[in-house]
Amino acid sequence: AAKRRLSGAQQYDASFDSASAQTLSLLSELRHAVEHHELRLYLQPKVPLHGQPGRAAEALVRWQHPQRGLVPPMQFIPFAEQTGFVRQLTLWMFEEVARLLADPRTQGLALRVSVNLSTRDLLDPELSTRLADILVRHGVPASAFCLEITESAIMDDPQRAEAMLNRLSEQGFKLSIDDFGTGYSSLAYLKRLPVHELKIDKSFVMGMETGEDDAMIVRSTIDLAHNLGLTVVAEGVETAAILERLRTLACDEAQGYHIARPLPVDDFLAWQEGQAHQ
Ligand code: C2E
Ligand code: CA
Ligand code: CA
Ligand code: CA
């Protein structure tokens, strides 16, 4: 496909030339959002189910739009991926998390934060050096980060993804397969990747109470992960009953509204403080 160079990191397909004025205006609004600090880092706690030490959270972006209010990521991430803008968003996110990990308020928490990577990031040859640069500037280790990658992002170009994941793993980043069970990756293939964690997609976790099929998928995924020597996380835990069932099934960690919603940084730190005193 014909690719044309836009300012800095942006690239787009020729088919995009016919894009509507609305699309272009969203792109310029997104650029404006980064420059004018309208993006917000939210953190959702990820808790251990068997008393392991350390604290963890997933970093999730929100857009505090001056007119539209708090815009959820599904309203702009797909667009950001399509235009390639997501790479700037990833670096912004990574920088915010690095700043948080260097913040005196998080010292002593042994906090590990997961950051979502997109398909575009996996194809960006400069990703690993850009991330290394951010780590050095903030003086934080790669091991404090987990990078979440979906199966479909990997299967988009498996060979390039594998090379990139090997490189990120050698740098010291922990790697997680997000939305596990929704893609079409082969197990034989996943086994080759330097992955540390599987994250069971919330559609299966949320269906556990009502659907025996979903419960069976969750159970087999936990066993599979453990047989491959991986940590397994359930996302979308909305009820106490599901949390208990996951504990019984020996799932390692859980994340979901029942435990905590994604929170702004100050609220997240207050939540952690509250946990420590329970
Ligand atoms: P994801 O990576 O699968 O993130 C989990 C989503 O599930 C989050 O939605 C979270 O708020 C939501 N969630 C957590 N617990 C529950 C629960 O108990 N019930 C339900 N129904 N939902 C729950 P969110 O924050 O709206 O993000 C949606 C998606 O947008 C993310 O899905 C991810 O694909 C993307 N995204 C968010 N932030 C970023 C980012 O910084 N970079 C990239 N590349 N993608 C991001
Ligand atoms: Ca994720
Ligand atoms: Ca997910
Ligand atoms: Ca998802």
Given 3.5 Å as the limit, does a donor-acceptor pair link the side chain of [X] with the main chain of [Y], or not?
| X | Y | value |
| --- | --- | --- |
| H36 | H32 | yes |
| R31 | F85 | no |
| Q44 | A260 | yes |
| R112 | S143 | yes |
| E235 | K202 | yes |
| S118 | E81 | no |
| D214 | G211 | no |
| D133 | T129 | no |
| T106 | A102 | no |
| R55 | L111 | no |

State yes or no: do [X] and [Y] share one hydrophobic cluster built from I, L, V, M, F, W and Y residues joined by side-chain heavy-atom distances below 4.5 Å, directly or via other members?
| X | Y | result |
| --- | --- | --- |
| L30 | V34 | yes |
| M206 | M208 | no |
| I259 | I200 | yes |

Below 4.5 Å, heavy atoms only, C-beta onward: do [X] and [Y] meet side chain to side chain?
| X | Y | answer |
| --- | --- | --- |
| I217 | T221 | yes |
| D252 | L49 | no |
| F180 | L224 | yes |
| K46 | V233 | yes |
| T239 | E209 | yes |
| L165 | I154 | yes |
| L228 | K191 | yes |
| V86 | F79 | no |

Pairing of R137 and E95 as salt bridge, 4.0 angstrom limit:
yes
Side chain to side chain donor-acceptor pair (under 3.5 Å): which pairs involve residues 164-175, sequence neighbours left out?
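Residue pairs with at least one partner in residues 164-175: S128-R167, S128-Q171.
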Between the side chains of D121 and T90, is a donor N or O closer than 3.5 angstrom to an acceptor N or O?
yes
Examine the side chains of S114 and E58 and answer whether a donor and an acceptor come within less than 3.5 Å of each other.
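No donor-acceptor contact under 3.5 Å links the two side chains.
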Only pairs at least two apart or in different chains count here, so list each ring-ring contact (aromatic ring centres under 6.0 Å, His included) that has a residue in residues 249-271.
none
Side-chain atoms of residues 64-78: list all donor-acceptor pairs with protein atoms under 3.5 Å, sequence neighbours left out, distances to 0.1 Å.
from: H65; atom 1: ND1; to: Q67; atom 2: N; distance (Å): 3.0
from: H65; atom 1: ND1; to: R68; atom 2: N; distance (Å): 2.9
from: H65; atom 1: NE2; to: E29; atom 2: OE1; distance (Å): 2.5
from: R68; atom 1: NH2; to: E29; atom 2: OE1; distance (Å): 3.1
from: R68; atom 1: NH2; to: E29; atom 2: OE2; distance (Å): 3.0

Measure the acute angle between the ring planes of F94 and F173, then classify it against the limits of 30° and 60° as parallel, tilted or perpendicular.
perpendicular
Passing candidate, side-chain contact (heavy atoms from CB on, under 4.5 Å) with S152, options I149, D156, T150:
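Filter result, single survivor: T150.
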Search all heavy atoms of G236 against all heavy atoms of V205 and return the closest pair with its distance.
O-CG1, 3.8 Å
Using 0.5 Å steps for rounding, measure from the CG atom of D178 to the NZ atom of K199.
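These two atoms lie 5.5 Å from each other.
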